[in-house]
There are 2 protein chains.
Amino acid sequence: MTEATRRERLRAETEREIRQAARTLLVESGRDAVTLRAIARKLGITAPALYRYYDSHDALLRQLCDDICADMAAALHTDLAADTSGQVGCKVRAVCHAFRRWALAHPQEFALVFASPRDPLGADQFGSVFLQLAGPLIASNEDAHHVEEEVPSVLHEDLVRFQQVLRDAVAEHGVTLADEVLNLGKIYHVVQSWVRLYGHVALEVFGRFPFAVSNPEPMFDSMLDQMLSDIGFAQVEQ
Amino acid sequence: MTEATRRERLRAETEREIRQAARTLLVESGRDAVTLRAIARKLGITAPALYRYYDSHDALLRQLCDDICADMAAALHTDLAADTSGQVGCKVRAVCHAFRRWALAHPQEFALVFASPRDPLGADQFGSVFLQLAGPLIASNEDAHHVEEEVPSVLHEDLVRFQQVLRDAVAEHGVTLADEVLNLGKIYHVVQSWVRLYGHVALEVFGRFPFAVSNPEPMFDSMLDQMLSDIGFAQVEQ
DNA sequence: GAACTCTTGTAAACACCGTTCACTGAAACC
DNA sequence: GGTTTCAGTGAACGGTGTTTACAAGAGTTC
């Protein structure tokens with residue numbers, strides 16, 4: 001059964017422990033506590049031994065980010081599956097709520113991923129995860145019509161590129177889309193919506209509202225309502 | 001003229017040099033480069049000497065944040081003064097543009113202040129600076145009418161608190177406002193607008209758009225249009 | 001089973017960090 | 001002139017990421 005040799009199994013096990021130790025340190029004591037020596041201490045080994053598994057402290061943090069994003073993707077997937085309404089608008093709303101809920105429940109993880117830009121040129125990790133789930137949903141909404149004239153022509157080139165990204169994401173789920181379904185007007189609103197959603201969640205997690213908000217959820221819901229109607233979803237009773 | 005003694009003058013001069021060295025290090029090499037030893041090296045002194053001026057590395061960074069925000073406030077003030085249109089809508093737009101421009105021109109400073117929460121409970125530094133300028137402008141817009149029924153009643157308490165904050169900010173400029181001018185509906189939209197503005201700028205500065213945007217300015221302008229009309233300003237020809 | 005290689009870990013060291021402490025020397029004060 | 005105040009020093013402590021030389025065990029080959 002186990003094709004792996006004994007050595008490979010041990011190595012995999014140690015690597016798992018490293019990741020888990022790093023994760024625990026992050027959650028319990030924040031980003032600065034995730035040091036090589038602290039991780040090694042938890043495993044009962046010395047710091048240089050970690051270099052047998054990761055090239056550098058940075059590489060380890062990058063791996064940690066990947067783990068976190070994979071976990072978030074799984075959480076969003078679960079929450080989406082829990083929505084049995086069948087209505088696409090509800091599903092999109094469910095994913096948005098799931099994103100906010102996850103971020104609030106994992107502030108340290110959220111902060112780490114947010115503060116660790118993978119590629120200098122866009123391609124944010126959270127954006128990838130979210131839009132990979134929400135993209136197909138938004139695209140499958142047939143009764144949304146946004147004329148392309150609405151969007152500034154300067155943005156056409158960028159939007160076409162993003163259109164391709166979304167199309168690829170949908171294609172991974174075995175669906176192909178016509179241009180008129182995923183038109184530039186809709187793409188444009190998807191981007192604006194993501195900026196609003198991500199912006200709101202980031203500001204909320206980091207506690208950066210201009211005043212102390214005792215309960216930001218209604219504000220989030222209100223923003224979501226406008227966002228969804230902008231995208232082309234009919235108002236849904238909650 | 002100079003009431004200060006020789007010793008006091010020297011001390012003030014050294015402190016100025018410390019701040020400037022810290023600022024240079026931040027701008028040129030990022031947050032992590034702002035170490036006590038690096039600053040001391042620039043001044044030709046030793047690191048412990050800095051403890052005669054600041055209680056800790058953290059305190060020095062906090063001072064740096066204050067300097068940065070003061071600079072930004074000055075820049076926004078200048079840009080606002082440069083707008084001679086006389087129309088309030090244009091002035092608000094000018095401040096928003098100035099905020100984005102400053103953030104893009106000072107990414108390291110923006111990142112430092114953003115990543116250094118002053119108070120755990122809200123009271124973001126950028127929010128204070130911006131709303132202190134934009135608050136009076138927005139409040140002075142007479143022809144905006146937003147009924148209070150629009151805003152979720154759960155938020156009333158928070159919005160009243162923020163209303164007081166804005167009123168105080170305006171009062172510092174010698175203006176007092178009636179409740180009907182600065183009603184809760186308007187306050188609500190101010191908050192939502194600030195979240196959008198701050199969110200957009202943060203995502204743009206940190207390069208976190210879901211795809212590589214070659215020119216985010218039209219997107220910003222478009223968002224600003226909707227934002228201003230939400231707040232109650234008539235569309236303005238640019 | 002012996003010899004060899006490959007892998008995993010260690011210990012020591014380097015250069016850096018924030019911070020503390022005892023101490024010097026000069027300016028300021030009386 | 002004697003005393004106090006204070007900016008600055010040098011050494012030290014414990015922390016960090018990282019490199020290096022080395023040991024010891026696991027796996028492989030003959």
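Below, chains carry the letters A, B, ... as their sequence lines are ordered, and counting in each starts from 1. Source: prediction; values computed, not measured.
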Whole-Å distance between D:dG17 P and A:L60 CG?
-> 10 Å
Examine the base of D:dG17 for any acceptor or donor lying under 3.5 Å from a partner atom in the side chain of A:R37, and report the outcome as yes or no.
-> yes
Gap between atoms CD and C1', on B:E8 and C:dC29 respectively (whole Å) | 13 Å
Heavy-atom neighbours of A:E157 CD exceed 12 at 6.0 Å | no
Rounded to whole angstroms, how far apart are CZ on A:R11 and P on C:dC6?
-> 15 Å
Please report, rounded to the nearest Å, how far the C1' atom of D:dG25 is from the CZ atom of A:R52.
-> 14 Å
Side-chain N,O (A:T46) to OP1/OP2 (C:dG9) below 4.0 Å | no
Identify whether any heavy atom of A:Y53 sits under 4.0 Å from a base atom; if not, whether one sits that close to sugar-phosphate; answer base, sugar-phosphate or nothing.
-> sugar-phosphate
Is a side-chain donor or acceptor of B:H57 paired with a backbone partner of B:V34 at a separation under 3.5 angstrom?
-> yes
Is any side-chain N of the basic residue among B:R11 and B:E8 closer than 4.0 Å to the acidic one's carboxylate O?
-> no
Could you state the CG-P distance from B:L10 to C:dA28, rounded to the nearest angstrom?
-> 8 Å
Rounded to whole Å, CG of A:L36 lies from P of C:dA15 at a distance of 20 Å
To the nearest angstrom, how far is B:Y51 atom OH from D:dG10 atom P?
-> 17 Å
For C:dC17, does either OP1 or OP2 sit under 4.0 Å from a side-chain N or O belonging to B:T35?
-> yes
Quick one: is A:R41 getting a side-chain N or O under 4.0 Å of the D:dT16 phosphate, OP1 or OP2?
-> yes
Quick one: A:D32 CG to C:dC17 P, roughly how many Å, whole number?
-> 16 Å
If you round to the nearest 0.5 Å, how far is CG of A:L104 from CD of A:E217?
-> 8.5 Å
